[in-house]
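Reminder, nothing fancy here: chain letters follow the sequence lines and each chain counts from 1. Below, all heavy atoms of this structure are taken into account, side chains as well, without hydrogens, waters or symmetry copies.
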Amino acid sequence: MAPKKLGLKQRYAHMTRGLDWETTYQPMDEVFPYDSFEGIKIKDWSAWEDPFRLTMDAYWKFQGEKERKLYAVLDAFAQNNGQTGISDARYANVLKLFLTGVSPLEYQAHRGFAFTGRHLRGVGPRVACQMQSLDELRHVQTQIHTISHYNKYFDGIAEFRHMHDRVWYLSVPKSFFDDARSAGPFEYMIAIGFAFEYVLTNLLFVPFMSGAAYNGDMSTVTFGFSAQSDESRHMTLGIEVIKFLLEQHPDNLPIVQKWVDKWFWRGHRVLGLVAMMMDYMLPKPVMSWKEAWEIYFTEAGGSLFTDLARYGLKVPKYAEVATAEAEHISHQNWATFYQYSHAAAFHTWMPDKAHLDWLSEKYPNTFDKYYRPRWEMWAEMEKQGKRFYNNALPQLCQVCQIPMVYTEKDDPSKISFRCSEVNGETYHTCSDGCKDIFDGEPEKYAQSWLPVHQIFQGNCGGATIPDVLNYYRMNVGADNMDYVGSPDEKLWNEWHAGKVRDAV
Amino acid sequence: MTVQIKTIDLEPKRQTFGHIARRLGGDKPATRYQEATLDLQATDNFHYKPQWEPEFWHYDTRKTAVVMEDWYKPLDPRQFYYATYNIARANANQAVERNFTFVEDRDLLGKLDPAVKAKLISGLLPIRHLHWGSNMNMSEACQRGYGTAVTAPCIFSAGDHLGMAQIVSRIGLVLDEQTGTALDAAKEAWLNAAEWQGVRKLIEDTFVERDWFKLLVAQTLGVNAVLLDLVYKHADAAWGPAAVPVAMLTEFMADWRAEEGKWSDHVVKTVAAESEANKALISEWAKTWIDRAEEAAGPLATALLGDASAAKTAADAARARARSLGLTL
Amino acid sequence: MAQIASITLLHNDDARPIIEAILADNPGVRVLNMPGAVKLDRDDELVVNRASVEARLGREWSPQEIQLVLISMAGNLDEDDDWFKLSWKH
Amino acid sequence: MSVQALDNANYAKNIEYRDPMKNFHGNMLVYVHWEEHLSFCAALAFPLPPAMPFGALVSEVIAPHYAAHPEAGAIDWSKVTWMIDGVTKTPDFGASLEANGMKHKSLVRFWTPGLAGFKSSAS
């Protein structure tokens, strides 16, 4: 009997896993030296399921087509000076934070997935990781190309690469990714592939990019949604990874659960920057952070963890704390940048009355009680010519590296202080979530390059604020301080005045 | 009423990013390749030592013995960034599709004598495993390398090798009428046939090489310039009546070698030119891996063509190429 | 609480036949319009059928092409020649 | 619990703890927080000589750095409640930080009776 023709799935299997072989001239453990030490047990790599059966020819075709479309939009945006059509120049500050804080993470993801794309023993996940490595390179490069046009007109963008390695608040996203990159390949997959891509990136891209569209930034929404179409492939890889690990061996469950708990919390902390963008930085807000959290974590994450419960996996530890914090973090973060505006590479501003009313409406439980008075006090001080600045450096959390601004779950008037002792030295953390992470791997987090401590040690250009800002390559008076009175504002008003003048 | 915006108001404040301007020697318009590449990788203030290799930071110049004052000297002459890379490959792949359609519509492989088919199965198809091994090496060079100028083209190359492995696989599926039997037989040859074992041993030995630039030299001057060129460039006579359809179906590989060779030559040449020490190291690596590749290619050339001379031809061409890059062999 | 299968697509001309096919083939589907995007949710399972898209598009269409307009999704994916299915059923 | 590395002993050998006191040029780190005044978003960090008198910490470091707050002028330092590293105590203003039981990375929290932030909102 003649052999049967291959179905689509078998054909794809030949195109990928059929390529791989067990090495015999070199031991497999030396060819793959890094995928054993984490304690993960894999009995059968061939049980890996490939949900997207994408061969390279199809990859090139779809990705090439997406890129042609995207760059056509970018070219049109630049030719038509689309930057003059955004809702308000304040909006550009979202892009500053994005390029300095998020885009370098895409680069890290590119190199990280090249690592797992080489060093996981199973060929199925390796091919998926390599495609994701390519995709992540796409994301950082398209983001640079999109925001490059804004850089020609707005301050605070030009030194994004230099700043990412140095500026105090950028150590938050940087350390997040350094953490994943320095972990083993399986933890990296759970950290980035599952916790970040599957559980949390929707919160970054979907409501935020919708915000870009609503604020007239067609170039950013185009790269954002275009990138997100790769993201759905990545999400699928992320969920496949977790299911695969949990199906392979029951001993994997506690290890995976620990990673899920850790990376959910790490991701939640980093996303606080996005919370602030959505609630305060979009001149025309689309959705509050709390609403986005409900849709993309409570609802979507709820379905996901219900599904994973059959493997014994639980909802991440402290998920309920994170949900409770959705009432607070955007306000606490924006207040932090407001008082350190002199040391930030984007502009801050006092929310106007209409915006405060919007926040009161979106946060009926907390805003009027805790945060509105804070803005009103500072507004009063501004009026008296005493714009409020914090002139000392803040205490940082040893793990998430955010200033220790977060409050106790049951008392928003009290900062949540936690600490641990290791070898006679104290390490401060901002929450039970961060403390658990520290206590789990103290040798790792005691290495943190904490910007405030580095400044005091003399490793950031000098002892004074101007020395440090110089080390950051911050263009003082242009990149930093309030939007009101900035060169960005002046330029925007000139464009706008031109429009008004010509219209008359 | 007009809402014309005066052009004078739209004079850019700056042309490009600060790190790009410093490299261009002033604030000048930069290309998309430059903005997407230069200084993109993080260099300073890493937080944690990798749990799998704490001797180094995850980006660390010490992961190779060659030393560069600036790893952004070896730029890509093709100026590939993600979009231009993918669009170039999507275009090249349209030709692949046309060629497969041409060959399949006319049943050019199906009509072949079983002996010729058997030779394609044992002599050509196993090369897909060599592409897969090459994919592993280029992924490794990307993850372990230093500086986006070199590492980004490495992941493109990894994608290329996977793509080429899949083109060869498709040839197999045409030969066996989409049943997979030819691919199974070719894998058997790769694993056990005597003429492939030198090649397989060589690529497996590269898998344990931890100096990423040495690996890149082994891959580009050893594997690509000797082994792939032997099969795609010097073995036409082996395929007999199948030579023309094979040439059509592997046109992508021929074009790719010419194009990627320009990149890898430029990288090797630039890094060797940096110092006498680099030149000596790279020369030694090139000599070692070209010699090894020639040795591995001998039995394969004999099986394909009757004697080992094509292996020598390919290796001599690789040596001449290496010398043209400033290496002393 | 029901588990929600969900797909988010670009709100453009290329996606319209897919959106219409989803609305026709998935009783009870809920629609959330956002600037530039549309999110379609349904309890437990949501399917995009090749035949339904082709009927609206007037040409051959492969479920893989959904990648060109896909923004996000939730549910376990089952992709085949004839469908693109997101489901929490086992 | 501790970190799981490919080779734990080798890992321990290759890592560097970044913030031991010896890296701070003779100073120790001190964190200070004014409770119920969250317009100062977090505790403030200062590198200070261990021999500095507690009184100088109050008059030369704490008071000027919180002066921007509208309630700063109303603080009665004699009525302040202090907590050092989680323990409520009455510091000796004349004694050094060290003699008051403080060490590298100590956290000093203080409450100002009658002052609970702008409109008692803890701001």
S.K.: Less than 4.5 Å to any heavy atom of chain D: does that hold for the side chain of A:Ala446, its backbone, both, or neither?
M.R.: both

S.K.: Is there a side-chain contact between A:Phe456 and D:Asn27, using heavy atoms and a 4.5 Å cut-off?
M.R.: no

S.K.: Which one, A:Tyr370, A:Trp378, A:Phe417, A:Tyr445, leads in non-hydrogen pairs under 4.5 Å with chain D?
M.R.: A:Phe417

S.K.: Do the side chains of D:Leu38 and A:Val405 get nearer than 4.5 Å, heavy atoms only?
M.R.: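 Counting from C-beta outward, A:Val405 and D:Leu38 never come under 4.5 Å.
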
S.K.: Determine which residues belonging to residues 75-96 of chain D lie within contact range of chain A, meaning some heavy atom pair is under 4.5 Å apart, and list them by number or answer 'none'.
M.R.: none

S.K.: Looking at A:Phe388 versus D:Phe40, is the centre-to-centre ring distance below 6.0 Å?
M.R.: yes

S.K.: Is D:His69 close to A:Met377 at the side-chain level, that is, under 4.5 Å between some pair of heavy atoms?
M.R.: yes

S.K.: What are the two closest heavy atoms between A:Pro373 and D:Ser123, and how far apart are they?
M.R.: C-OG, 4.4 Å

S.K.: Could you tell me whether a side-chain N or O of A:Gln339 sits under 3.5 Å from a main-chain N or O of D:Ser39, the two making a donor and an acceptor?
M.R.: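 The answer is yes, because a donor-acceptor pair under 3.5 Å joins these two groups.
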
S.K.: Do the side chain of A:Gln447 and the main chain of D:Tyr17 share a donor and acceptor less than 3.5 angstrom apart?
M.R.: no

S.K.: Could you check whether any side-chain heavy atom of D:Arg18 comes within less than 4.5 Å of a side-chain heavy atom of A:Leu450, counting everything from C-beta outward?
M.R.: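 No; the side chains remain at least 4.5 Å from each other.
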
S.K.: Below 4.5 Å, heavy atoms only, C-beta onward: do D:Asp19 and A:Gln454 meet side chain to side chain?
M.R.: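 Sidechains of A:Gln454 and D:Asp19: in contact.
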
S.K.: Heavy-atom cut-off 4.5 Å, strictly under: side chain, backbone, both or neither for A:Ser36 against chain D?
M.R.: neither

S.K.: Which residue out of D:Ala12, D:Ala122, D:Pro20, D:Pro47 racks up the most heavy-atom pairs below 4.5 Å with chain A?
M.R.: D:Pro47

S.K.: Are A:Thr426 and D:Lys103 close enough that some pair of their side-chain heavy atoms sits under 4.5 Å apart?
M.R.: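 Side chain of A:Thr426 against side chain of D:Lys103, heavy atoms only: contact under 4.5 Å found.
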
S.K.: Less than 4.5 Å to any heavy atom of chain A: does that hold for the side chain of D:Gln4, its backbone, both, or neither?
M.R.: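 Interface part for D:Gln4: both.
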
S.K.: So which part of A:Gln398 gets closer than 4.5 Å to some heavy atom of chain D, the side chain, the backbone, both or neither?
M.R.: side chain

S.K.: Is there side-chain contact between D:Cys41 and A:Tyr340, with heavy atoms separated by less than 4.5 Å?
M.R.: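 Side-chain contact under 4.5 Å: yes.
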
S.K.: Ignoring hydrogens, what is the shortest heavy-atom contact between D:Ser2 and A:Pro442? Give both atom names and the distance.
M.R.: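 The answer is CA-CD, 4.2 Å.
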
S.K.: Can you measure from CG (D:Leu44) to CG (A:Asn391) and round to the nearest 0.5 angstrom?
M.R.: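 Rounded to the nearest 0.5 Å, the CG-CG separation comes out at 10.0 Å.
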
S.K.: Write out all pairs satisfying side-chain hydrogen bond (donor to acceptor under 3.5 Å, both in side chains) with one or both partners inside residues 42-67 of chain D, taking only residues at least two apart or from two chains.
M.R.: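 Sorted pair list comes back empty.
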
S.K.: Salt bridge check, D:Lys105 against A:Glu425: does any charged N sit closer than 4.0 Å to a carboxylate O?
M.R.: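 Yes, charged N to carboxylate O under 4.0 Å.
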
S.K.: Looking only at heavy atoms and a cut-off of under 4.5 Å, which of D:Phe24, D:Phe46, D:Tyr11 has the most pairs with chain A?
M.R.: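 Highest number of pairs under 4.5 Å: D:Phe24.
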
S.K.: Looking at A:His453, A:Glu380, A:Met404, which has the largest count of heavy-atom pairs under 4.5 Å with chain D?
M.R.: A:His453

S.K.: For D:Leu29, which atoms come within 4.5 Å of any heavy atom of chain A: side chain, backbone, both, or neither?
M.R.: side chain

S.K.: A side-chain contact here means heavy atoms from C-beta on lying under 4.5 Å apart; do D:His33 and A:Ile415 qualify?
M.R.: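 When only atoms from C-beta onward are counted, A:Ile415 and D:His33 do touch, with a gap below 4.5 Å.
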
